[in-house]
Amino acid sequence: LLHILQQGRFLPSSSSGFVTFHLVYLVTVSGDCTTSTPLKRKAEASRDTSSVSRLLTKIVVMAPDADKIRQRKAQQVVDANEGKATELKVGSVKGLGGTEVVIDGVIYDIANFNHPGGESILIFGGNDVTVTYKMIHPYHTSKHLEKMKKVGIVPDYHSEYKFDTPFEKEIKEEVFKIVRRGREFGTLGWYFRAACYISLFFYMQYLWVTTKTSFAMALVYGVSQAFIGLNVQHDANHGAASRRPWINNLLGLGADFIGGSKWLWMEQHWTHHSFTNHHSMDPDSFGAEPMLLFNDYPPGHPKRTFIHNFQAFYYVLVLAGYWLSAVFNPQILDLRQRGALAVGMKLDNDYIIRSRKYAISLRLLYIYTNCIAPFQLQGFSWSVLAHILVMGVASSLTLAILFALSHNFEHADRDPTYQARNGGEPVCWFKSQVETSSTYGGFISGCLTGGLNHQVEHHLFPRMSSAWYPYIAPTVRRVCEKHGVKYAYYPWIWQNLVSTVKYLHQAGTGSNWKDGNPYSGKL
């Protein structure tokens, strides 16, 4: 056999010893038939012949450097096995490193993970991101997690939310029939709308710094900034504008061009989405305290004061100061959003530290452009100061009033995990998103508010472009009705606004508690 192979130039003479060894090994392993029956020996002989044939085929087609290739592959297998054999550390959420995250009780290191959505995920390094991960990845399977480096486990891990429920499965199945995978990002119509709002904003900004300001200009300029926040940066910072991370990152800077910060926004807003109306984990619930109570605390709670009995009458005045509280907020210096910190988020990783210089530079640019340049051009006067304040108030009310509608209305679930915390089963996360949110209007409202009017659809599919929400809304309502999930819909925005004012009065006076806990599921 060796002679034939060498004569046919299929095998170098230097390899004869190597082949002989393997042939002898093959015959030795397969030739032990002393205890076999004739039928077994016949079957085994057939298998032996087949094995020899396969070996000969491999030898004949072997490349000159096949030995080196085999050795490299063998080493890769060894390395992989060694990696799997490495003992996982037992840790806790509080002890996570800056590039470590927890998903379903498993610790992953994402330092060298090439995430398809960009490096923005690093902003949550050091935290439990189970809910956030599943919220942003509706097509999640265990295969996705295998791409990340597993480094440990959290043995006492538990969650108040559950996924893969019948409601979740059906609503995904039905919605994905309308919006196919890979098409959930911004449409041509969305980009046209974004281009219009961006053009309006920069045109008004040009007038603001090159001409004499007026109250009318201040009003339009303030609203144009709000339109950027509603229609451009919101989709982008959800990763929903485009499948390309650089486009989302670029458009996401719209938050900074209107006096906010994309980094602070993501820290707070993504946490809000993950734990909407949660009694202790939703930073939006506490954002207006102590002036306003969006949380419906029980009577006698220390956060309740006499003035909250009248908050339905003055809440618009508080919301008017949103611009001032954002633009001159010292949190820009360390990029640690205090609301997210208050609910337990860790915000001291290297990604956040690296981003500080960019955030501070953009904030200084905004303050110069909008608060200093008008004085440089026109000189100091009270009228110019008034114009600046009117611009801020216009931006504040356009944004904040719409924000307040979304989760603060009559019969909204203000404590969706109450039963899970009191001995019950974990709560379906998708169900909780529906019952803590409201939807009003339709396509036109969506074009003006960036889809925030479809708050239910947005919270179910936050990484889907707002352009799709009017199309999936009827299907979402139908599936909710089938599963007995409460869907709050107001045909007109003023109806949602009236409901919000009523709720604020109820939350301020505690009237919802006259017959017991309204959020226990027993009333």
Side-chain angles (χ1 to χ4, degrees), residues 89 91-140 144-154 185 233-256 260-275 281 283 331-363 462-463:
K89 69 177 182 180
S92 65
V93 174
K94 292 183 178 180
L96 295 176
T99 60
E100 295 178 340
V101 296
V102 169
I103 301 176
D104 284 332
V106 179
I107 304 174
Y108 299 91
D109 192 332
I110 58 175
N112 300 313
F113 177 52
N114 185 19
H115 186 250
E119 65 174 2
S120 60
I121 61 165
L122 295 173
I123 200 169
F124 295 107
N127 293 281
D128 175 10
V129 298
T130 301
V131 177
T132 308
Y133 167 79
K134 294 181 179 180
M135 169 186 78
I136 294 296
H137 300 86
Y139 299 100
H140 156 77
H144 291 85
L145 296 177
E146 293 176 0
K147 300 176 182 178
M148 297 188 292
K149 182 180 179 182
K150 184 188 299 185
V151 296
I153 57 172
V154 178
F185 303 104
Q233 73 85 23
H234 187 262
D235 272 46
N237 283 324
H238 269 292
S242 173
R243 67 171 69 249
R244 297 176 177 84
W246 71 269
I247 294 179
N248 291 320
N249 290 335
L250 178 63
L251 296 178
L253 291 175
D256 298 82
S261 166
K262 66 169 291 182
W263 296 277
L264 291 174
W265 186 92
M266 291 180 68
E267 292 170 358
Q268 177 177 355
H269 194 70
W270 281 36
T271 305
H272 154 70
H273 264 270
S274 300
F275 304 99
M281 288 296 294
Q331 295 176 21
I332 196 69
L333 299 177
D334 61 8
L335 282 190
R336 303 176 72 199
Q337 209 282 328
R338 296 304 183 266
L341 280 178
V343 301
M345 297 294 290
K346 290 176 61 179
L347 302 171
D348 53 4
N349 57 62
D350 289 341
Y351 174 81
I352 293 176
I353 294 173
R354 292 198 311 267
S355 301
R356 288 173 183 167
K357 55 182 178 291
Y358 305 113
I360 294 172
S361 299
L362 288 168
R363 179 61 55 83
R463 207 181 173 211

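For the numbers below, each heavy atom of this structure counts, side chains included, while hydrogens, waters and symmetry mates do not. All residue numbers in this chain count up from 1 along the given sequence.
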| said: Rounded at 0.5 Å granularity, tell me how far NZ in Lys346 sits from CD in Glu100. | reply: 8.5 Å

| Lys357, NZ atom: more than 12 neighbouring heavy atoms under 6.0 Å | yes

| request: For residues Gly344 and Asn127, report the shortest heavy-atom separation together with the two atoms involved. | output: O-OD1, 4.3 Å

| query | Between Phe113 and Lys149, is a side chain to side chain contact (heavy atoms under 4.5 Å, CB included) present by the stated rule, with each step listed? | reply | CA-CA 8 Å; Phe113 177 52; Lys149 182 180 179 182; over 6 Å; no

| field | Least distance between heavy atoms, Ser261 atom then Leu335 atom | value | OG-CD2, 3.8 Å

| query | Step by step, would you call Met148 with Val106 a side chain to side chain contact (heavy atoms under 4.5 Å, CB included)? | reply | CA-CA 11 Å; Met148 297 188 292; Val106 179; over 6 Å; no

| request: Please check if the distance between the ring centroids of His238 and Trp265 is under 6.0 Å. | output: yes

| So, does Trp263 use its side chain to make a donor-acceptor pair with the main chain of Ile332 at under 3.5 Å? | no

| field | Atom pair NZ/NE2 of Lys147 and His115 - distance to nearest 0.5 Å | value | 9.5 Å

| Any side-chain heavy atom of Ile353 within less than 4.5 Å of one from Asp348? | no

| request: Answer yes or no: does atom CZ of Arg354 have more than 12 heavy-atom neighbours from other residues, nucleotides or ligands under 6.0 Å? | output: yes

| Only one of His140, His137, Lys150 forms a side chain to side chain contact (heavy atoms under 4.5 Å, CB included) with Leu145, so which one is it? | His140

| remark: Heavy-atom nearest pair, Met281 first then Val343, reads SD-O, 3.1 Å

| query | Closest approach of Ile123 and Glu267, non-hydrogen atoms and distance? | reply | CD1-CG, 3.8 Å

| task | Taking all heavy atoms of Ile136 and all of Trp270, pick out the closest pair and write down the distance. | result | CG1-CZ3, 4.0 Å

| said: How about OH on Tyr358, more than 12 heavy atoms from neighbouring residues, nucleotides or ligands closer than 6.0 Å, or not? | reply: no

| field | 4.5 Å side-chain heavy-atom contact, Met135 and Pro462 | value | yes

| Is there a side-chain contact between His269 and Asn237, using heavy atoms and a 4.5 Å cut-off? | no

| Do Glu119 and Asn249 touch side chain to side chain, with heavy atoms closer than 4.5 Å? | no

| field | Backbone of Leu122 reached by a side-chain donor or acceptor of Asn349 within 3.5 Å | value | yes

| said: If we check side chain to side chain contact (heavy atoms under 4.5 Å, CB included) with Ser274, which of these qualifies: Thr130, Thr132, Asp128? | reply: Thr132

| Among Arg336, Gln331, Arg338, side chain to side chain contact (heavy atoms under 4.5 Å, CB included) partner for Leu347 | Arg336

| Do Gln233 and Lys262 come close enough that some side-chain heavy atom pair is under 4.5 Å? | no

| Is the side chain of Asn248 donor-acceptor paired with the backbone N or O of Ala241 at a distance under 3.5 Å, no angle test? | yes

| Do you know the tightest heavy-atom contact between Pro116 and Pro245? | O-CG, 3.3 Å

| query | Measuring from Ser355:OG to Ile360:CD1, what's the distance to the nearest 0.5 Å? | reply | 11.0 Å

| Quick one: CD1 on Ile121 to OG1 on Thr99, what's the gap to the nearest 0.5 Å? | 10.5 Å

| field | Side-chain heavy atoms of Asp334 within contact of Arg356, under 4.5 Å | value | yes

| message | Do Val101 and Ile110 make a side-chain contact, defined as non-hydrogen atoms from C-beta onward lying under 4.5 Å apart? | response | yes

